[in-house]
Amino acid sequence: MKDYNFGQIERKWQDKWSKDSLYQTQDSEDKPKYYILDMFPYPSGAGLHVGHPKGYIATDIVARMKMLQGYNVLHPMGWDAFGLPAENFAIKNKVHPREMNERNIATFKSQLEKIGFSYDWNREINTTDPEFYKWTQWIFLQMFKKGLAYESYEPINWCPSCQTGLANEDLEDGRCERCDSEIEQKPMRQWVLKITDYAERMLNDLEKLPEWDNSIKEMQKNWIGKSEGALVKFEVRISNFDSNSNDLISENKNLKLNIEVFTTRIDTIFSAAFVVVAPEHRLIEKLKEQIENYDEVIDYVKKAKNKTDLQRTDLEKDKTGVELKGIKAINPANNKEIPVWIADFVLGYYGTGAVFADAHDERDFEFAKKYNIPLTESIAPLFTGTCNDKPRKDKKTVKRRNIEAIIKHWEKDEYFCLNWKFNNWKSFIIGGIEKDESIEDAAIREIKEESGYQNMKVIKNIGYEMHSEFFAPHKDINRYAQRNCVYIELLDGEYKKPRLEDIKNHNGSWIKKEEVDKFLTIKESKISWDILQNGEKPFTKKGILINSEQFNGMTSDEAMPKIIEWLRKKGLAEKEVNYKLKDWVFSRQRYWGEPIPIIHCEKCGVVPVPEKDLPVVLPEVESYEPTGTGESPLANIKDWVNTKCPKCDGKAKRETNTMPQWAGSSWYYLRYIDPHNDKALVDKDKEKYWSPVDFYVGGAEHATRHLIYARFWHKFLFDIGMVNYEEPFIKLQHVGLIMAEDGRKMSKRWGNVINPDDIVEEFGADAMRVYEMFMGPFAQSCDWSTKGLIGAKRFLEKVWRLFQEKELISCEGKCAEISKTIPPLFHKTIKKVGEDIESMNFNTAISQMMIFVNECSCHKLLPKSAMENFLILLSPFAPHIAEEIWTNLGHEKSIFLEKWPEFNPNMIKNKIIEMVIQVNGKVRDKIQVSADISETEIKKKALASEKIQKYISNQEIKKVIFVPGKIFNLVVE
RNA sequence: GCCCGGAUGGUGGAAUUGGUAGACACAAGGGACUUAAAAUCCCUCGGUAGUAAUACCGUGCGAGUUCAAGUCUCGCUCCGGGCACCA
């Protein structure tokens with residue numbers, strides 16, 4: 001008997017497959033295509049750890065299955081090799097990044113090859129290859145021509161350690177994603193791509209991607225961050241005519257200055273109590289003369305500028321601001337004059353850099369409290385049924401204004417509460433407000449009537465107006481109540497017995513402070529109590545409009561479009577949409593990237609490099625060190641930088657900034673289709689055949705970076721007719737990370753990295769492949785366990801022995817005579833394995849194969865055809881062992897040229913099944929019956945069972961539930 | 001704070017979408033083979049009670065719907081991920 005010598009077998013087949021070009025993809029075949037893609041790796045110096053191949057194994061399994069199912073499969077691999085780590089390493093070790101790259105790629109490739117992937121290495125690409133980045137530059141030029149690439153001088157994210165500008169997507173919590181340094185805002189010239197032009201399409205087209213991982217779609221939605229609202233104009237008025245010269249007055253008359261404000265809550269406009277502008281707002285400079293405390297204001301602006309974004313956006317810090325004295329704004333809804341403030345919690349780069357503030361936003365509320373700015377409310381919450389008392393359709397609704405009074409005992413820390421007799425209401429004292437009565441007076445009157453206590457002091461109003469609609473049984477009506485809450489302290493115990501009529505509905509009692517919250521059942525009472533205990537909180541949700549003139553009583557959603565329309569007619573507002581997504585800062589002041597193909601001419605200005613001159617090759621430099629001046633190291637190479645203008649032939653300089661690492665990966669998947677084309681980035685016919693990518697697998701960390709950028713570029717390429725479909729990736733699945741055995745990320749830093757080479761050496765590539773797929777659900781992250789590998793290896797050894805020890809007999813339809821169990825089980829296995837690969841449930845596919853193998857090992861004779869087909873099912877997971885056994889069985893051609901087996905549904909159905917018999921839903925017996933047994937028959941059998949009789953005894957059978965093939969349930973109680 | 005996921009034995013995880021909870025594996029314990037070890041094979045393996053048959057309990061917690069809930073509904077708790085002064 002031959003031993004399972006995986007090392008020898010795996011090496012042998014890897015060589016043979018490569019020699020036979022088994023995985024070379026042909027273009028124009030008559031077969032349906034299947035393009036399956038991995039996110040190509042960045043070849044770092046550390047090499048691969050066992051977590052990296054997880055996604056590659058999955059795509060390899062799918063690719064091999066599709067191949068066997070008769071698809072023309074494109075399954076390529078390449079290198080995303082530009083970028084900072086290679087450059088930083090090169091600087092440190094004085095090697096050229098290109099050399100570094102070549103070494104790293106060689107390591108990566110040899111590691112991958114040992115795992116036995118079916119990549120077509122003829123299509124290997126490398127983003128740093130001039131023949132590749134020629135086309136990256138070409139795409140940039142097309143964008144430039146369409147106005148989508150532009151120069152900007154706005155302040156951008158600057159990493160002081162990497163000494164380069166960065167895009168928003170390159171930040172993590174306000175720090176550099178690469179080196180963790182705090183990011184500064186630095187104004188500098190930079191190239192920017194107008195990704196915001198595509199924001200709406202990128203958002204909407206997510207709908208066209210039903211096969212994308214939902215979590216990734218959600219992340220993209222949040223990243224694009226669309227909010228719909230309105231742009232509102234607040235007219236600026238100068239309030240200090242008297243103290244200024246006549247010149248100013250005349251100037252002021254012509255001012256007609258507005259502060260434009262973006263809001264998503266126009267329904268709160270009537271309560272807009274002040275306007276806040278960001279420190280960078282241009283209004284400050286414009287009103288230099290009119291702002292009375294300009295020195296103070298400019299001092300605040302400077303301080304804000306000196307803060308990093310991280311400091312400015314620290315949520316913990318106290319909000320600060322300065323009022324612009326001498327300046328007022330006009331609330332466009334009610335023409336009230338309101339103050340204008342400057343504060344750094346307002347962001348200059350979002351919306352218009354100015355907001356209106358009111359009582360319905362936590363930040364505004366906090367800010368107003370701190371600086372004593374008076375607030376009014378414009379929205380009240382609406383509760384429908386506050387305590388199991390939903391309004392009834394057949395009753396009429398009566399409106400009433402209510403008070404609720406929280407009353408504190410004159411000596412003890414106890415509060416007077418009501419327990420209502422006819423309902424589960426538990427509240428403080430509640431009563432109506434009579435005509436012309438104030439809230440406070442109503443509260444005092446109600447307390448006297450309902451509690452009997454006479455002397456008290458009103459302390460304060462609590463919280464905000466609340467509306468509720470509920471059924472009031474004691475009045476037999478639906479009540480629509482507008483309730484305000486007052487906090488009152490009793491002065492002494494003087495008491496007059498209440499009239500019976502006033503207290504017939506409830507019992508009053510004193511409740512200890514700590515028990516009040518538990519006692520109360522009515523929502524409004526609980527909210528008021530919470531506010532009394534824990535401090536004021538604004539109501540920030542949508543509700544019912546109050547204090548809003550003609551809009552009173554509408555819901556927020558009803559009112560918003562109406563208010564916009566009303567203001568729009570007056571020229572004071574319009575609909576507006578805002579996105580969190582910012583344009584893509586596309587230049588890096590570093591060496592190791594694609595040169596931006598632009599020439600700056602002294603006469604003609606910015607001139608694109610003519611397409612015929614592409615690629616603009618990255619020149620050799622002596623030092624790759626960043627200059628830190630905002631220029632890339634390329635600026636030092638005089639004979640490269642100095643060039644002639646392609647337009648006027650005059651003196652000109654090359655653009656010295658390079659592209660970010662994300663550039664090449666934004667379109668690389670198209671190049672695999674036609675990797676050696678020197679006429680176009682991809683041949684049109686080939687693109688039409690292969691594109692879009694059918695299935696894309698990679699890490700979720702790319703959700704808001706690579707996957708956003710690639711979709712943007714692809715849509716642009718679609719717009720200029722380079723690709724045939726608007727989305728690059730039809731189906732997207734994210735890989736769950738493999739963590740180290742200690743639960744941490746695998747990293748040199750923790751010394752917990754496991755190298756796949758070692759695992760392949762000790763257990764074999766096939767075992768590693770099977771294990772990584774068996775660990776758990778594919779998308780879920782899980783901890784590596786070298787012990788767990790043993791199970792995978794045992795399984796493969798078992799398969800090996802099966803074919804060594806058992807006798808395989810061809811049976812020509814007589815398989816049933818050899819074994820009754822194998823054929824049905826095998827057909828079930830075909831079904832399960834195929835479906836599970838399709839849905840990425842590799843763990844259960846493997847478990848099904850294990851079940852099959854376990855069953856086989858109980859038999860001496862096995863049907864040959866089933867066993868051969870089983871090898872085909874196994875081959876995507878463990879290609880080497882499958883191919884070896886296949887050959888040992890006498891086949892000359894590769895197993896991967898075979899056909900994926902089909903299952904026969906009739907074979908799967910069991911003729912005899914175990915029917916579960918339940919009494920009252922509990923399993924009491926199991927009976928072997930034929931699968932198509934009728935209800936009457938099973939009932940007979942069930943009643944005949946002693947076990948069942950025991951549970952039924954003499955009780956009457958009230959109900960019978962019969963689920964054919966599954967369950968029979970007798971209900972006796 | 002907001003938006004997504006999750007929570008099932010000692011462990012990783014199954015469960016045909018409401019129908020036998022714990023498949024498949026790992027670990028552990030016991031046994032067979034062996035001079036011995038490794039490998040392999042067999043048995044046990046959610047909890048409690050019992051020699052056992054069996055009974056009761058059991059899918060983060062609390063309610064609910066149903067003949068029947070890991071699965072559906074409502075209300076919480078905890079964990080993971082993303083976003084975050086986004087007006």
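Below, chain A is the first sequence line, B the second, and so on; all start at residue 1.
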[atom1] atom, [N] versus [M]: distance in rounded Å?
N: G10(B); M: U44(B); atom1: C1'; value: 15 Å
N: U8(B); M: G58(B); atom1: C1'; value: 10 Å
N: C24(B); M: G46(B); atom1: P; value: 13 Å

Next on the checklist: If you apply the rule side chain to side chain contact (heavy atoms under 4.5 Å, CB included), what do you find for M560(A) with K542(A), and how did you get there?
Outcome noted: CA-CA 11 Å; M560(A) 283 199 275; K542(A) 289 179 183 172; 3.7 Å; yes

Rounded distance in Å - [atom1] ([X]) to [atom2] ([N]):
X: E228(A); N: A87(B); atom1: CD; atom2: P; answer: 12 Å
X: D783(A); N: C26(B); atom1: CG; atom2: C1'; answer: 14 Å
X: K526(A); N: C76(B); atom1: NZ; atom2: C1'; answer: 13 Å
X: K828(A); N: A23(B); atom1: NZ; atom2: P; answer: 14 Å
X: I938(A); N: G19(B); atom1: CD1; atom2: P; answer: 19 Å
X: I224(A); N: G82(B); atom1: CD1; atom2: C1'; answer: 14 Å

Checklist entry - With syn defined as a glycosidic torsion within 90 degrees of 0 and anti otherwise, which applies to G81(B)? => result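 In terms of base orientation relative to the sugar, G81(B) is anti.
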
Checklist entry - What form does the base of U66(B) take, syn (within 90° of 0) or anti? => result anti

Parallel, tilted or perpendicular for [X] and [Y], by the 30°/60° rule?
X: F826(A); Y: F852(A); result: tilted
X: F842(A); Y: F877(A); result: perpendicular
X: H706(A); Y: H702(A); result: perpendicular
X: Y709(A); Y: W584(A); result: parallel

Need one value for [X]: base, sugar-phosphate or nothing, where a base atom within 4.0 Å counts as base even if backbone is also close, heavy atoms only.
X: K926(A); value: base
X: E362(A); value: nothing
X: F774(A); value: base
X: F968(A); value: nothing
X: V963(A); value: base
X: K217(A); value: nothing
X: Y349(A); value: base
X: I851(A); value: sugar-phosphate
X: D173(A); value: nothing
X: V276(A); value: nothing
X: D361(A); value: nothing

Check this one for me: any side-chain N or O of [X] less than 4.0 Å away from OP1 or OP2 of [N]?
X: Y350(A); N: A84(B); value: no
X: Q780(A); N: G13(B); value: yes
X: R801(A); N: C41(B); value: yes
X: N841(A); N: A14(B); value: no
X: T264(A); N: C86(B); value: no
X: K922(A); N: C57(B); value: yes
X: R363(A); N: G1(B); value: no
X: N222(A); N: C4(B); value: no

Measuring from the side chain of [X] (C-beta onward, heavy atoms only), which nucleotide among [options] has the closest atom?
X: P777(A); options: C41(B), A21(B), G13(B); answer: G13(B)
X: N969(A); options: C86(B), G19(B), C24(B); answer: G19(B)
X: R794(A); options: A27(B), C86(B), G19(B); answer: A27(B)
X: T844(A); options: C24(B), A15(B), C41(B); answer: A15(B)
X: M219(A); options: G81(B), C24(B), U16(B); answer: G81(B)
X: L347(A); options: C86(B), G13(B), U20(B); answer: C86(B)
X: V355(A); options: A23(B), A87(B), A27(B); answer: A87(B)
X: F345(A); options: C85(B), U40(B), C4(B); answer: C85(B)
X: K319(A); options: U20(B), C57(B), C85(B); answer: C85(B)
X: D344(A); options: U20(B), U16(B), C85(B); answer: C85(B)

Checklist entry - Taking for each residue the nucleotide of RNA chain B bearing the nearest heavy atom, is the 5' side occupied by S215(A) or by R924(A)? => result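 Closest to the 5' end, via its nearest nucleotide, is S215(A).
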
Checklist outcome for this item: Between L970(A) and M775(A), the residue closer to the 5' end of RNA chain B by nearest nucleotide is M775(A)

Item to check | Evaluation steps, salt bridge (charged side-chain N to carboxylate O under 4.0 Å, His left out), between R744(A) and D742(A) | outcome: CA-CA 6 Å; R744(A) 291 188 288 202; D742(A) 58 12; 3.4 Å; yes

Mind checking who [N] pairs with, Watson-Crick or G-U wobble, both distances under 3.5 Å?
N: A36(B); value: none
N: U73(B); value: A63(B)
N: G5(B); value: C79(B)
N: A55(B); value: U48(B)
N: A27(B); value: none
N: A84(B); value: none

Item to check | Beyond-backbone contact of V585(A) with N157(A), side-chain heavy atoms, under 4.5 angstrom | outcome: no

Salt bridge check, [Y] against [X]: does any charged N sit closer than 4.0 Å to a carboxylate O?
X: E218(A); Y: K221(A); answer: yes
X: E797(A); Y: K793(A); answer: yes
X: R265(A); Y: D358(A); answer: no

Item to check | N/O donor-acceptor pair, side chain K580(A) with base C83(B), under 3.5 angstrom | outcome: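 A donor-acceptor contact between them is absent.
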
Next on the checklist: For A87(B), does the base pair up with any side-chain atom of R265(A) as donor and acceptor (N or O, under 3.5 Å, distance only)?
Outcome noted: no

